[in-house]
Amino acid sequence: MTSLDSATSVVQSAIAEVLSVPSDQVKPSATIADHQLDSLEWVEIAVIIEERLGIQLEPADFAGAKTVADVAGILHSALATR
């Protein structure tokens, strides 16, 4: 099982990779709107996370997320049930 901190790190890293920014610019408290991510970028983020963690995700899994920390929490919960 992955810790919440590890899940946060994976999410930050994936978002940073898609946006081509350093991962320290992706703060857990930042809203999704702050990063102006579109649906295609969310698919890319999901694919990166899938490849890194070996799990299958759907962008809809993150539908209720408002912040980067929310996404990490959802990922952490998904990993805990697998």
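This chain uses plain numbering: 1 for the first residue, then up along the sequence.
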**Student:** For the atom pair CG (Leu75) and CD1 (Ile49), what is the distance rounded to the nearest 0.5 Å?
**Tutor:** 5.5 Å
**Student:** Grab the two heavy atoms, one from Ser23 and one from Ser13, that are nearest each other, plus how far apart they are.
**Tutor:** CB-CA, 4.3 Å
**Student:** If the condition is side-chain contact (heavy atoms from CB on, under 4.5 Å), which residues does Ile32 pass it with, not counting sequence neighbours?
**Tutor:** Leu37, Trp42, Val71
**Student:** Side chains of Ser9 and Ser6: do they bring a donor and an acceptor to under 3.5 Å?
**Tutor:** no
**Student:** Which atom names give the shortest non-hydrogen contact between Thr67 and Pro28, and what distance separates them?
**Tutor:** CB-O, 3.7 Å
**Student:** Once side-chain contact (heavy atoms from CB on, under 4.5 Å) is applied, do any residues pair with Gln56, and if so which ones, sequence neighbours excluded?
**Tutor:** Glu50, Glu58
**Student:** Shortest non-hydrogen contact from Lys27 to Gln12?
**Tutor:** CA-NE2, 4.2 Å
**Student:** I need the minimum non-hydrogen distance between Ala7 and Ala72, along with the two atoms involved.
**Tutor:** CB-O, 3.7 Å
**Student:** In chain order, what residues pass the side-chain contact (heavy atoms from CB on, under 4.5 Å) check against Glu17, with sequence neighbours excluded?
**Tutor:** Ile48, Arg52
**Student:** Does Ile15 reach the side chain of Val21, with side-chain heavy atoms less than 4.5 Å apart?
**Tutor:** no
**Student:** Taking side-chain hydrogen bond (donor to acceptor under 3.5 Å, both in side chains) as the test, write out the residues that go with Thr31, two or more places apart.
**Tutor:** Asp34
**Student:** Indicate yes or no: at least one non-hydrogen side-chain atom of Val26 is less than 4.5 angstrom from one of Val11.
**Tutor:** no
**Student:** Under the rule for side-chain contact (heavy atoms from CB on, under 4.5 Å), what residues qualify as partners of Asp24, not counting sequence neighbours?
**Tutor:** Pro22
**Student:** Enumerate the salt bridge (charged side-chain N to carboxylate O under 4.0 Å, His left out) contacts for residues 65-79, please, sequence neighbours excluded, ordered by first and then second residue.
**Tutor:** none
**Student:** For the residue pair His76 and Ser3, what are the closest heavy atoms and their distance?
**Tutor:** CD2-C, 3.4 Å
**Student:** Within the side chain of Glu41, is there an N or O that forms a donor-acceptor pair under 3.5 Å with the backbone of Asp38?
**Tutor:** yes
**Student:** What's the separation between atom CG in Leu19 and atom CD1 in Ile45, rounded to the nearest 0.5 Å?
**Tutor:** 6.5 Å
**Student:** Should Val43 and Leu53 be counted in the same cluster of Ile, Leu, Val, Met, Phe, Trp and Tyr side chains packed under 4.5 Å apart?
**Tutor:** no
